[in-house]
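Both ligands and their constituent atoms are indexed starting at 1 by order of listing. Quantities reported herein were computed from a predicted structural model and do not represent experimental measurements.
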Amino acid sequence: MQTVEHIFEKNQTPKPLVLAINAVLEASKEIAFLLQKGAMSGILGSAEQENVQGETQKKLDVISNDLLKDILKACPVVAGIASEEEDLPVPANKDGEFLVIFDPLDGSSNIDINVTVGTIFSILPSNGNDASQESTYLQSGREQLAAGYVLYGPSTLLVMTTGQGVDVFTLDPETQEFVLTESQSTITPTTQEFAINMSNQRFWAESIQNYVGDLLQGEEGKLGKRYNMRWVAAMVAEVHRIINRGGIFMYPWDSREPAKPGKLRLMYEGNPMSMLVEQAGGLSSNGKIAIMDVVPEHIHQRVPVILGSKQEVETALKY
Ligand code: F6P
Ligand code: MN
């Protein structure tokens with residue numbers, strides 16, 4: 001049995017980076033515990049509601065954010081953090097080496113229906129720059145030192161890369177350790193499964209209309225094979241399915257908010273997922289270039305996403 005600590009040793013992951021990742025994992029175990037308690041923890045429902053005792057309830061995504069923030073701020077190697085739930089970057093330790101960027105609870109509309117959610121994280125070097133400044137964080141995905149997610153489903157899983165492939169760990173509920181359960185995951189290059197929110201079809205650009213139109217044509221269409229569709233409505237779960245059995249996931253630009261380039265955020269959704277997908281042999285693009293080559297201008301910047309099985313993403317990009 002190999003724990004995540006054994007894999008850090010095997011990969012010779014630098015000690016300070018291990019400390020930063022472990023801080024994320026410590027918070028994720030607490031989040032997993034709260035999720036398992038569910039309604040009994042009194043934290044379901046929307047923020048700023050009152051529970052029966054008249055106490056103010058906070059939404060679990062706010063609580064998850066606070067847990068991560070507190071643990072990371074107390075970790076001396078962390079220079080600063082940025083989160084989906086924080087408008088501005090939060091500086092942590094002056095001598096810290098790392099910036100930790102995260103989506104504390106991706107797919108949080110799934111919590112109340114007891115369906116999979118996850119914590120997504122990305123670790124960048126601080127390069128000695130001021131971690132209270134947004135500009136310090138605006139590095140492309142290629143600069144990531146580590147990326148991963150913790151998936152809270154029937155099991156709690158950690159899927160992570162430090163640039164040496166993708167490993168999958170399962171949280172042992174008895175020992176509270178992440179145990180290696182799949183080493184060096186790879187994404188199958190071909191697939192017959194796609195994931196996109198079809199209800200937005202009328203708002204998509206023509207190219208996506210044409211590609212998804214051909215997927216729906218099945219064996220009678222240009223692509224000559226029948227496709228199946230899946231939509232969990234949590235990016236973390238779609239990416240996990242793709243890492244397991246291949247597929248293509250898309251959240252393209254659409255005309256609902258034409259000024260915004262899609263729904264998903266580059267720095268804590270697009271980049272970490274792209275690093276995992278590329279490390280597992282898949283492809284990830286914004287439709288023009290690799291997502292990890294996008295130079296960010298804002299922490300909360302959005303990005304169109306097309307990722308998954310290499311050959312299928314290449315087919316989509318031809319459109
Ligand atoms: O964080 C955004 C997110 O929840 C993703 O996890 C998910 O892929 C997407 O939004 C779902 O969006 P929609 O509302 O279109 O189903
Ligand atoms: Mn999210």
Side-chain angles (χ1 to χ4, degrees), residues 24 27-28 31 35 46-47 59-69 81-87 100-122 141 147-153 157 159 193-205 208-209 212 229-244 247-258 260-277 282 284-287 291 296 298-308 313 316:
V24 174
S28 77
I31 296 169
L35 283 164
S46 54
K59 242 184 165 177
L60 198 51
D61 39 17
V62 178
I63 294 174
S64 304
N65 182 63
D66 291 346
L67 270 169
L68 278 155
K69 188 168 68 172
I81 63 175
S83 159
E84 179 180 329
E85 300 291 335
E86 302 281 336
D87 291 344
V100 183
I101 304 175
F102 53 87
D103 178 352
L105 218 47
D106 178 62
S108 54
S109 64
N110 279 355
I111 302 168
D112 291 344
I113 55 167
N114 200 25
V115 172
T116 301
V117 289
T119 298
I120 309 172
F121 63 93
S122 159
Y149 57 80
V150 178
L151 187 84
Y152 312 103
L157 302 183
V159 179
E193 204 162 58
F194 70 98
I196 191 165
N197 186 341
M198 284 297 299
S199 69
N200 297 326
Q201 182 177 14
R202 66 192 184 283
F203 304 112
W204 299 336
I208 288 284
Q209 298 272 2
V212 177
M229 199 197 89
R230 285 288 181 271
W231 186 251
V232 189
M235 184 194 201
V236 68
E238 323 291 354
V239 170
H240 189 64
R241 184 181 59 250
I242 289 172
I243 286 180
N244 262 277
I248 184 167
F249 166 79
M250 292 164 280
Y251 216 114
W253 171 90
D254 65 54
S255 63
R256 287 175 298 169
E257 290 182 276
K260 291 183 182 163
K263 177 172 184 183
L264 301 177
R265 273 59 54 97
L266 173 64
M267 300 214 58
Y268 38 83
E269 293 175 323
N271 276 339
M273 293 313 204
S274 298
M275 185 173 180
L276 289 167
V277 166
S284 174
S285 171
N286 68 356
I291 286 181
H298 304 287
I299 282 181
H300 299 291
Q301 174 171 338
R302 291 166 191 255
V303 67
V305 174
I306 304 172
L307 62 75
V313 174

Selection from Met235, Arg256, Lys263, Arg265 by shortest heavy-atom distance to atom 12 (O) of ligand 1: Lys263
Between Ser255 and Pro258, the two heavy atoms sitting closest are O-CD, 3.3 Å
Taking every non-hydrogen atom, the tightest pair across Gly270 and Val303: CA-CG1, 4.4 Å
Classify the ring geometry between Tyr149 and His240 as parallel (under 30°), tilted (30 to 60°) or perpendicular (over 60°). perpendicular
State, yes or no, whether a side-chain contact exists between [X] and [Y] at a heavy-atom distance under 4.5 Å.
X      : Y      : answer
Met198 : Val212 : yes
Ile208 : Ile196 : yes
Asp106 : Arg265 : no
Phe194 : Ile248 : yes

Closest protein heavy atom to atom 15 (O) of ligand 1, given as residue, atom name and distance to 0.1 Å: Tyr251 OH, 2.4 Å
Just need the protein heavy atom nearest to atom 1 (O) of ligand 1, so name the residue and atom and give the distance. Glu269 OE2, 2.8 Å
Contact (N/O only, under 3.5 Å) between Glu84 and ligand 1: no
In ligand 1, the atoms that come under 4.0 Å of a heavy atom of Gly107 are 4 (O), 6 (O)
Within 4.0 Å of some non-hydrogen atom of Trp231, the atoms of ligand 1 are 11 (C), 16 (O)
Can you tell me if Asn271 and Ser122 form a side-chain donor-acceptor pair at under 3.5 Å? no
List nothing but the number: protein N/O/S atoms under 2.8 Å from the Mn ion (ligand 2). 3
Taking atom CD of Glu257 as the centre, does the number of heavy atoms from other residues, nucleotides or ligands within less than 6.0 Å exceed 12? no
